[in-house]
Amino acid sequence: MKITDLHVTPIAISDPPLLNAGGLHAPYALRTVVEIVTDDKLYGLGEVPGSVTTTAALEAAREIVIGQDPFQLNAIRLGLAERFGASWDHRTTMQVNSALEVACYDVMGKATGRPVCDLLGGRVRERVDFAAYLFYKYEGAGGALGFGTDPAATGWAAARQAAALDPAGVVAQAQAMCDEYGFKSLKLKGGVFEPAEEVQAILALREAFGPDVPLRHDPNAVWSVETAIRYGKPMEGVLEYYEDPVRGQENMAAVRAALSMPMAT
C-alpha cells in the first residue's frame, strides 16, 4: 500500500467572543483538515489547529509523504525531519506529524477492518461521554456577526450568543447546552477573572445541577501554587477534578499534596 495523494484544506468556523487566559477568541476558529489517499482507494483524515504556517508546511510535506506506506509512520517522520527539521519550529513539526499520523491511522484501521483503538493496544471502555465545555464570554455570535447577535436564532443558537461574565451567566450557558445536547458533566475554562469569582461560578453550577453532575475547573495554568491551594479548598468535594491550576509538574504536585481532590493535566 502506498500514499498516492495528499489534500490540505484550511477551514474557518465561526467562534463567539470566548475568553480564556490568553485573551479573547477571534470571530473564527481556524483548523486544517488533511486527507491522504492510497493506491487501494482508501482515504484517511486528520486535523489540527490552522494557520498559514501550518497549511504551508503540510503542503510542503507532500513531496515526502506521497509514495510512502501509511503503516510506516517512523519512515514518514524521519523523512520529514531530514527534509524540514532545520526550517520548522517545534509547533509546526508537532502539528504536521500529528495531522499525518492520525490520517495514517485512519487508513490503517480501514485497511485492517479494525477500530484504531485496536491498533493502539485495545479499548478500555465502550463509551466516553462528552462534557459541556463552558467559557466566560462576551455577547456575540462570532463569525460575520462578531459581537453582534442574530435576533432570529432560537434554542442553543440563541443561548450561545448571550454574555456569560458572572456565575448566573455561566449557569445559564450550561443549562442551555445541556438542554440541547444532553451533556451530563460540566467543565469551566477559567483563568479569566479573579479566582474567587470563578469559585463562585463552580459553586453556582453545583447548586443548579446537584451532586450527580461532575464538575471540572481549568484555570489554564495561570494561578500560583498559593492561589491554587487557597481557592481549591472551597472546591474540595465539589470538583470531580482540578485541571491545570498551575504550570509544571512540581507545582502540580505541590497543589495535589495540599488538596483532597484529583488533578488533571
Side-chain angles (χ1 to χ4, degrees), residues 18-23 25 48-49 91 94 98 101-102 105 115-137 164-265:
L18 309 178
L19 294 160
N20 63 23
H25 283 212
V48 288
R91 183 178 181 84
M94 177 180 64
S98 175
E101 181 178 272
V102 171
Y105 269 117
V116 171
C117 63
D118 284 357
L119 308 179
L120 301 174
R123 73 186 65 195
V124 176
R125 55 188 64 82
E126 292 295 325
R127 295 175 59 86
V128 178
D129 289 332
F130 279 91
Y133 201 177
L134 310 173
F135 278 78
Y136 288 107
K137 68 178 295 292
L165 298 170
D166 55 22
V170 170
V171 168
Q173 178 187 160
Q175 289 171 329
M177 200 179 289
C178 291
D179 287 346
E180 181 74 15
Y181 296 107
F183 294 123
K184 294 181 173 61
S185 57
L186 308 171
K187 172 182 168 179
L188 175 63
K189 173 66 82 172
V192 176
F193 294 122
E194 289 295 323
E197 174 76 10
E198 297 190 1
V199 171
Q200 289 305 308
I202 291 294
L203 297 180
L205 288 168
R206 167 50 61 89
E207 182 176 355
F209 287 88
D212 294 331
V213 175
L215 303 178
R216 302 95 180 247
H217 185 223
D218 174 12
N220 233 161
V222 297
W223 289 356
S224 68
V225 169
E226 294 75 15
T227 296
I229 293 171
R230 177 182 175 185
Y231 291 98
K233 287 288 185 182
M235 295 190 290
E236 288 180 316
V238 176
L239 290 184
E240 180 187 28
Y241 61 75
Y242 203 11
E243 181 176 344
D244 284 328
V246 294
R247 186 173 302 280
Q249 190 170 2
E250 289 186 5
N251 289 336
M252 287 284 283
V255 176
R256 178 66 185 89
L259 299 175
S260 59
M261 60 181 161
M263 306 283 283
T265 188

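Since this is a predicted model, take the numbers as computed values, not measurements.
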request  = Output all residues satisfying side chain to side chain donor-acceptor pair (under 3.5 Å) with Glu101, sequence neighbours left out; order by chain, then residue number.
outcome  = Arg77
ask   = Which distance, rounded to the nearest 0.5 Å, do you find between the CG of Leu188 and the CD1 of Ile202?
value = 5.0 Å
query = Rounded to the nearest 0.5 Å, how far does CG of Leu215 lie from CZ of Phe209?
reply = 8.5 Å
query = What closest approach, in Å, do Ala132 and Met177 show between heavy atoms, and which atom pair accounts for it?
reply = CB-SD, 3.5 Å
key: Heavy-atom pair with the smallest gap, counting every atom of Leu19 and Phe193   = CD1-CZ, 4.4 Å
query = Is the CZ atom of Arg247 crowded by more than 12 outside heavy atoms at less than 6.0 Å?
reply = no
key: Under the side chain to side chain donor-acceptor pair (under 3.5 Å) test, residues paired with Glu250 that sit two or more places apart   = none
message = Whether the side chain of Asn220 engages the backbone of Val222 through a donor-acceptor N/O pair (distance < 3.5 Å, no angle test) should be reported.
response = no
query = For the residue pair Trp223 and Val246, what are the closest heavy atoms and their distance?
reply = O-CG1, 3.2 Å
Pairwise distance CG(Leu203) to CZ(Arg206) - rounded to 0.5 angstrom = 9.0 Å
query = Roughly how far apart are Lys137 NZ and Leu165 CG, rounded to 0.5 Å?
reply = 8.0 Å
key: side-chain hydrogen bond (donor to acceptor under 3.5 Å, both in side chains) partners of residues 255-265, not counting sequence neighbours, each pair once   = Glu236-Ser260, Asp244-Thr265
task = Could you check Val171, Asp218, Leu186 and say which one makes a side chain to side chain contact (heavy atoms under 4.5 Å, CB included) with Leu134?
result = Leu186
query = Going by heavy atoms in the side chains, are Asp129 and Phe183 under 4.5 Å from each other?
reply = no
key: side chain to side chain donor-acceptor pair (under 3.5 Å) involving Tyr133 - partner list, sequence neighbours excluded   = Lys189
Sequence neighbours excluded, every pair satisfying ring pair (Phe, Tyr, Trp, His ring centres under 6.0 Å) that has a member inside residues 241-265 = none
task = Flag yes if more than 12 heavy atoms outside Lys184 fall under 6.0 Å of its NZ atom; otherwise flag no.
result = no
query = Closest heavy-atom contact between Gly232 and Met261?
reply = O-CE, 3.5 Å
query = If you look at every heavy atom in Ala204 and Pro167, which pair is closest and at what distance?
reply = CB-CB, 3.9 Å
message = Working to the nearest 0.5 angstrom, can you tell me the gap between His217 NE2 and Glu198 CD?
response = 4.0 Å
note = Minimal heavy-atom distance between Ser185 and Val213, with the atoms involved, is CA-CG1, 4.0 Å
inquiry  = Just verifying a value: how many Å separate Arg230 CZ and Ser224 OG, rounded to the nearest 0.5 Å?
reply    = 10.0 Å
message = Suppose we screen for side chain to side chain donor-acceptor pair (under 3.5 Å). Which residues come up paired with Gln173, at least two apart in sequence or across chains?
response = none
